[in-house]
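The first residue of the sequence shown is numbered 1, and numbering continues consecutively from there. None of the values given here were measured: they were computed from a predicted structure.
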Amino acid sequence: MNISQLHTIKEMVETFLGKPRVETDIEGWFEYNCPNCADLEGKVDSKHNLPVSYQKGYCHCWKCGFSASIGSLIRKYGDHGLYESYKTFLREVMQSAEFQFDMFSDNNKNYLKEIQNEITLPSNLTPINQCAEASFYLSKRGITQDIIDRYHIQCVPWSNDYKCRNRIFVPSYNRFGDLNYYIARDYTGKQKLKYANPPIPKTSIIFNENLVNWYDTIYLCEGVFDAIVTPNSIPMLGKKMSEDTVLFQTLIERAESDIVVFLDDDAHNDAIKLYHQLNATSLRNRIKIIDTPKGYDPSLLHQEKGISGMIEVLRTAKKIQ
């Protein structure tokens, strides 16, 4: 990006951060009061511990450790309109000849990620109750209308794109209400691919983070259809969770109550391993595990035994040595 474009982004950031301690060259670091420190302490400390590099598209607070890309900083501490203006500006820059020339330089990588990681849902989404086959599929799995409404579940009966047709879409939104992922499940049993999800690393998102109550017990499940029938749950989108994922780190930072590992019955060893991974962190003594009944996963438990059956199993959560 050229100097003028970087200054435009700087002006956006300073609408909520204010002016830096010292004005410097645009290719240098600008020092601001850290908004995360202000949140933690209940007041601005006036110590200017947040250096921001507009050239690198990155900031890091020396005091509280808060780190973020410029886009994440604007999204968290600016207003929604400012964040939309920022994304629109980046798209315009990305289309310019000058940006195309050096778009893969190290200094532009963080800005590129803000655009490249954006996803959208199909434009022809249809309400479930308008597609008999999709409605029957969900009904068969015990998914009721209140669940459909809560998770904004819709479907695409037909599309020229084979990755979209005959699929149920369950969208995911981050803490800011932005779409960050979705699962697209074939409801006919005829598609070659059972799931057709966006090309975004699952390790970089928390599925439906906007619905998580961090002050209540959190259940960790494998899949989305497990999570939508389990209270205050997060699907890991797999059987394992490494310590460098966004979900693992966020659990450590934000979870204020117990965390219960609730995986499929065939993932018992993975559940035990995850239990000990989490229990070795600052979450120690707040981790529990459920021995899922043989032949079941959370989704099938709900489907066959209903809410009362699920509650009975959830009550078996325990600590282990």
Practice task
Compare all side-chain heavy atoms of Phe262 with those of Ser233 and state whether any distance is below 4.5 angstrom.
Solution key: no
Exercise for the section: Could you walk me through whether Ile290 and Tyr219 pass the side-chain contact (heavy atoms from CB on, under 4.5 Å) test, one step at a time? Expected result: CA-CA 10 Å; Ile290 291 175; Tyr219 294 87; 4.2 Å; yes
Practice task
Taking all heavy atoms of Phe248 and all of Gln277, pick out the closest pair and write down the distance.
Solution key: CZ-O, 3.8 Å
Problem - Expected output: side-chain Asn124 to main-chain Trp158 donor-acceptor under 3.5 Å - result: yes
Practice task
Any pair with a residue in residues 9-21 that passes side-chain hydrogen bond (donor to acceptor under 3.5 Å, both in side chains), sequence neighbours left out, goes on the list, sorted by first then second residue, please.
Solution key: Lys10-Glu14, Lys10-Glu23, Glu14-Lys19, Glu14-Tyr32, Arg21-Glu31
Practice task
Measure the shortest side-chain to side-chain distance between Phe225 and Leu138 over non-hydrogen atoms and say whether it is less than 4.5 angstrom.
Solution key: yes
Handout entry: Between Asn2 and Ser4: side-chain donor-acceptor atoms closer than 3.5 Å
Key = no
Practice task
Indicate the atoms forming the closest heavy-atom contact of Phe30 with Val22, along with that distance.
Solution key: CD2-O, 4.2 Å
For residues 308-321, which side-chain donor-acceptor pairs fall under 3.5 Å, sequence neighbours excluded?
{"unit_1": "Thr316", "atom_1": "OG1", "unit_2": "Val313", "atom_2": "O", "d": "2.5"}
{"unit_1": "Lys318", "atom_1": "NZ", "unit_2": "Asp291", "atom_2": "OD2", "d": "2.8"}
{"unit_1": "Lys319", "atom_1": "NZ", "unit_2": "Asn285", "atom_2": "O", "d": "2.8"}

Practice task
Would you check if Glu133 and Thr188 make a side-chain contact, meaning some heavy-atom pair closer than 4.5 Å?
Solution key: yes
Problem - Side-chain cluster (under 4.5 Å, hydrophobic types only) that Trp29 belongs to, other residues - result: Tyr58
Handout entry: Thr292 vs Leu263 side-chain heavy atoms within contact, under 4.5 Å
Key = no
Practice task
Considering non-hydrogen atoms only, spot the tightest contact between Ala255 and Ile218 and give its length.
Solution key: CB-CD1, 4.3 Å
Problem - Hydrophobic cluster membership, Leu300 vs Val261, 4.5 Å side-chain cutoff - result: no
Fill in the blank from the handout: Nearest heavy-atom contact between Tyr86 and Ile9 is CE1-CG2, 4.2 Å
Practice task
For Tyr181 and Ile206, run side-chain contact (heavy atoms from CB on, under 4.5 Å): C-alpha distance rounded to whole Å, both residues' side-chain angles, the deciding distance at 0.1 Å, then the answer.
Solution key: CA-CA 9 Å; Tyr181 204 74; Ile206 298 174; over 6 Å; no
Exercise for the section: Find out whether Phe169 and Ile153 are in side-chain contact, i.e. whether some heavy atom of one side chain is under 4.5 Å from a heavy atom of the other. Expected result: no
Exercise for the section: Please collect all side-chain hydrogen bond (donor to acceptor under 3.5 Å, both in side chains) contacts where either partner lies in residues 71-82, sequence neighbours excluded, each pair once. Expected result: Asn36-Tyr77, Asp39-Tyr77, Ser69-Ser72
Problem - Qualifying salt bridge (Lys or Arg N to Asp or Glu O under 4.0 Å) pairs with a residue from residues 199-223, counting only residues at least two apart or across chains - result: Arg175-Glu209, Glu209-Arg254, Glu222-Lys239
Exercise for the section: Determine whether Ile183 and Ile168 make a side-chain contact, defined as any pair of heavy atoms from C-beta on separated by less than 4.5 Å. Expected result: no
Exercise for the section: Look at Lys87 together with Glu92 and state whether they make a salt bridge at an N to O cut-off of under 4.0 Å. Expected result: no
Exercise for the section: Keeping the roles fixed (side chain from Thr250, backbone from Leu247), state whether a donor-acceptor pair exists under 3.5 Å. Expected result: no
Exercise for the section: Side-chain contact test, heavy atoms from C-beta onward, threshold under 4.5 Å: evaluate it for Phe16 versus Leu73 and give yes or no. Expected result: yes
Problem - Heavy-atom check, side chain of Leu220 versus side chain of Leu251, under 4.5 Å - result: yes
Exercise for the section: Could you tell me whether Asp258 and Arg286 have a side-chain N and a carboxylate O separated by less than 4.0 Å? Expected result: no
Exercise for the section: Look up atom CE in Met241 and atom CD1 in Ile234, then write down how far apart they are to the nearest 0.5 Å. Expected result: 8.0 Å
Exercise for the section: Assess whether side-chain contact (heavy atoms from CB on, under 4.5 Å) is satisfied between Arg185 and Val170, documenting all intermediate values. Expected result: CA-CA 8 Å; Arg185 176 59 157 93; Val170 184; over 6 Å; no
Completion exercise
What one should report as the nearest heavy-atom pair of Leu40 and Cys64 is CD1-CB, 4.0 Å
Exercise for the section: Could you tell me whether Asp45 and Lys63 make a salt bridge, using a distance below 4.0 angstrom between a side-chain N and a carboxylate O? Expected result: yes
Return a table of donor-acceptor pairs under 3.5 angstrom between the side chains of residues 140-150 and protein atoms on other chains or two or more places apart.
{"unit_1": "Arg141", "atom_1": "NH1", "unit_2": "Tyr137", "atom_2": "OH", "d": "2.7"}
{"unit_1": "Arg141", "atom_1": "NH2", "unit_2": "Ser299", "atom_2": "OG", "d": "3.0"}
{"unit_1": "Thr144", "atom_1": "OG1", "unit_2": "Asp146", "atom_2": "OD1", "d": "2.3"}
{"unit_1": "Gln145", "atom_1": "NE2", "unit_2": "Asp149", "atom_2": "OD1", "d": "2.8"}

Exercise for the section: Return yes if some donor-acceptor pair links the side-chain N/O of Asn49 with the main-chain N/O of Trp62 below 3.5 Å, else return no. Expected result: no
Practice task
Provide the closest heavy-atom pair for Ala227 versus Tyr151 in the form atom of the first, atom of the second, distance.
Solution key: O-OH, 4.0 Å
Handout entry: Asp244-Ser242 side chain donor-acceptor pair, cut-off 3.5 Å
Key = yes
Practice task
Please check if any side-chain donor atom of Tyr162 sits under 3.5 Å from a side-chain acceptor atom of Gln191, or the reverse.
Solution key: no
Problem - Step-by-step side-chain contact (heavy atoms from CB on, under 4.5 Å) determination, Asp265 to Asp297 - result: CA-CA 6 Å; Asp265 74 309; Asp297 57 35; 5.8 Å; no
